[in-house]
S.K.: 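Before we start, here is the structure in question, set down as structure tokens.
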Amino acid sequence: MISQLLKTGKARILIGTLALVVLTTVADWATGDNMSLAALYILPMMLGAVVLRPWETAGFALLCSFLRSGFDIPGTPADLALRFVFAALAYFLSGSFVTALIRNHEQAAKHLALIQKEQGLRRDAEQQLRILAESSPAAIVTVDGEGVVLAANAAANKLFAAQSGVMLGHSIGDYVPSLADALRFSKDSKGMRTAAQCRGYRDNGEIFLAHMWFSSYNVPEGKRLAAIIVDSSEEMRDREELGLRHLLTGNRIATAVIAHEVRNIGEAMAMLCDDLRGRHGLTADEGLRGLEHLVGALEGIASLELNSKTHEAIEAVPLKEVLANLRIVIEPEWREMEASIYWQIPDKLPLVWAEPHGLLQTFLNLAQNSHRAVQDSANRRLTVRVSPELHKVILYFQDSGPGVREPERLFQPFQDGASGSGLGLYISRFIIRSYGGELRYEPRPEGTCFTIELSAVEDATKEYAGQND
């Protein structure tokens, strides 16, 4: 009713209030001095208070009290004054009551509108979350404190190959035992948020590598756990196969290097045998002939040549992505050493012919060499600069270290004083050459600088097409 009255409009309410005042005054005048109709003035007061402000209500109460006093029953001046005051107070209080009622009604209406808006937003959010969960390619499950699945999206039912088509009501321990263990470990805690890799089990008995992110939380009904789970089996297979390929490539390179050194020794021994035969006339000597057979056997063992080309699949590689991965790997340890890396990389770079993992390993080897070289320097820095040129892309790795004492021995394997096996630069250059590029040392007045030259995709298509045939 109040809402309908407010919709009438302020002007109409005021006109109705004045009409009631006039009618009440006329009725009060008609009754004469024998009877007072003072109580009827409360009606226009309550109607007017719907749209009047507090001070306007007070003025209107005085007006009604004045009109009432004009037709009041006779009395002493003190009685008339008291009647006027009490009437004005009664009218004002009645109007104030209506004003407060209207204000409470408006606040209640605003609060109701706010609640309805929040409910609408909540429904929209729940609907969006429901759509997101159902359309997500990752499995999303919610379980209670006992490990029973309360909710699971379509991807979860598909991932775990649920026999009944749904996981609801089943124990999560049958699918991911680690999640059931996490619930037991976090029973007395406020909650946990973490990620883990573990084994997952499907209803058909298959096992897969599960990569999951989960968190536990408390609700009035008890503990809950929500988890996002993906199957990482394919990534693990790719990672292990890639690691195996690079292990075999590294072994082949190391074996070829050793064979190269053995062949050099065999050639020296063969020359020594020829010298002994000619100088001392030992052509018919059985011992020398046996030694020559041993030398021949060594040369046969060392016949493995280190090919300049690799059989790895060469592809068009986005160089910026490889350099971004390099930044992720090396920047933390450079920051720990309070050293600086300056990246001078153009916004646009052509694709290059290479293999991403091998290219990253080469960059990482050069960066680690620079990291060791600058440790004792006052100014520790590494500058990585990329310069696209005609038909090729050149990368510069320049550090502020003490430089290289014997540059001619840089790419020789098994160097004295080298960290590890001394094969780092040797293998790095082999990898770059296998892509049709080149790794070089460039002398600088200060520090050490290595350049890597790679072929741009646009200008190497025919060359690599022929090599891969």
Side-chain angles (χ1 to χ4, degrees), residues 242 245-246 249-250 253 306-331 334 340-371 373-374 381-401 403-404 407 410-411 423-469:
L242 182 62
R245 286 201 305 270
H246 285 283
T249 300
I253 295 172
L306 182 61
N307 296 324
S308 60
K309 303 297 180 186
T310 182
H311 299 291
E312 293 288 342
I314 298 176
E315 59 187 85
V317 175
L319 192 57
K320 293 192 73 171
E321 292 186 9
V322 179
L323 291 171
N325 292 334
L326 178 67
R327 293 187 65 169
I328 295 173
V329 174
I330 68 173
E331 282 190 339
W334 281 77
S340 302
I341 304 179
Y342 299 96
W343 303 90
Q344 300 176 3
I345 304 173
D347 293 333
K348 293 184 179 180
L349 286 175
L351 301 177
V352 296
W353 286 112
E355 190 274 322
H357 185 79
L359 198 59
L360 178 60
Q361 290 299 316
T362 300
F363 294 167
L364 182 58
N365 180 48
L366 295 177
Q368 289 177 339
N369 288 345
S370 296
H371 184 269
V374 302
R381 72 176 186 275
L382 170 65
T383 301
V384 179
R385 181 165 63 91
V386 182
S387 175
E389 298 185 3
L390 185 63
H391 309 310
K392 59 188 176 181
V393 178
I394 300 178
L395 297 94
Y396 299 85
F397 286 75
Q398 184 173 358
D399 60 54
S400 59
V404 179
L410 272 176
F411 297 99
L423 287 171
L425 286 175
Y426 184 88
I427 294 178
S428 295
R429 186 170 64 174
F430 166 78
I431 291 174
I432 297 301
R433 285 180 174 178
S434 71
Y435 306 149
E438 186 58 68
L439 171 61
R440 300 184 182 91
Y441 166 76
E442 288 196 2
R444 289 286 192 274
E446 178 185 353
T448 304
C449 180
F450 286 94
T451 63
I452 297 176
E453 180 181 314
L454 297 170
S455 299
V457 170
E458 296 82 356
D459 303 301
T461 304
K462 294 183 179 179
E463 177 184 352
Y464 281 96
Q467 291 178 4
N468 292 329
D469 289 341

S.K.: Do L366 and L425 come within less than 4.5 Å of each other through their side chains, counting heavy atoms only?
M.R.: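 Of all side-chain heavy-atom pairs linking L425 with L366, at least one is under 4.5 Å.
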S.K.: For residues S387 and Y396, report the shortest heavy-atom separation together with the two atoms involved.
M.R.: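 Heavy-atom minimum between the residues: CB-CE1, 4.1 Å.
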S.K.: For H357, is there any backbone N or O sitting under 3.5 Å from a side-chain donor or acceptor partner on E355?
M.R.: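 Side chain of E355 to backbone of H357, a donor-acceptor pair under 3.5 Å: yes, one is there.
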S.K.: Can you classify the ring geometry of F397 versus F363 as parallel (below 30°), tilted (30 to 60°) or perpendicular (above 60°)?
M.R.: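 Tilted.
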S.K.: Would you say the side-chain atoms of S434 pair up with the backbone N or O of I431, donor to acceptor, closer than 3.5 Å?
M.R.: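 Judged by distance alone, yes, a pair lies under 3.5 Å.
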S.K.: Using every non-hydrogen atom in the two residues, find where E453 and I432 come nearest and quote the distance to one decimal.
M.R.: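 Nearest pair, atom of E453 first, then I432: O-CG2, 4.1 Å.
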S.K.: Do L323 and L395 pass the side-chain contact (heavy atoms from CB on, under 4.5 Å) test, and can you show the C-alpha distance, the side-chain angles, and the key distance before you say yes or no?
M.R.: CA-CA 11 Å; L323 291 171; L395 297 94; 4.1 Å; yes
S.K.: Ignoring hydrogens and geometry, is there a side-chain-to-backbone donor-acceptor pair from S400 to R381 under 3.5 Å?
M.R.: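 Confirmed, S400 side chain pairs with R381 backbone.
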S.K.: Between W343 and E331, which heavy-atom pair has the shortest distance, and what is it?
M.R.: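 For W343 and E331, the tightest heavy-atom pair comes out as NE1-OE2, 2.9 Å.
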S.K.: How close do V386 and P346 get, counting heavy atoms only, and between which atoms?
M.R.: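 Residues V386 and P346, closest heavy atoms: O-CD, 3.4 Å.
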S.K.: Would you check if L349 and P388 make a side-chain contact, meaning some heavy-atom pair closer than 4.5 Å?
M.R.: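 Side chain of L349 against side chain of P388, heavy atoms only: contact under 4.5 Å found.
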S.K.: List the atom of V317, the atom of A354, and the distance in Å for their closest heavy-atom pair.
M.R.: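 Result for this residue pair: CG2-O, 3.5 Å.
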S.K.: Testing the basics here: between D347 and K320, what is the closest heavy-atom pair and its distance to 0.1 Å?
M.R.: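 Residues D347 and K320, closest heavy atoms: O-NZ, 3.1 Å.
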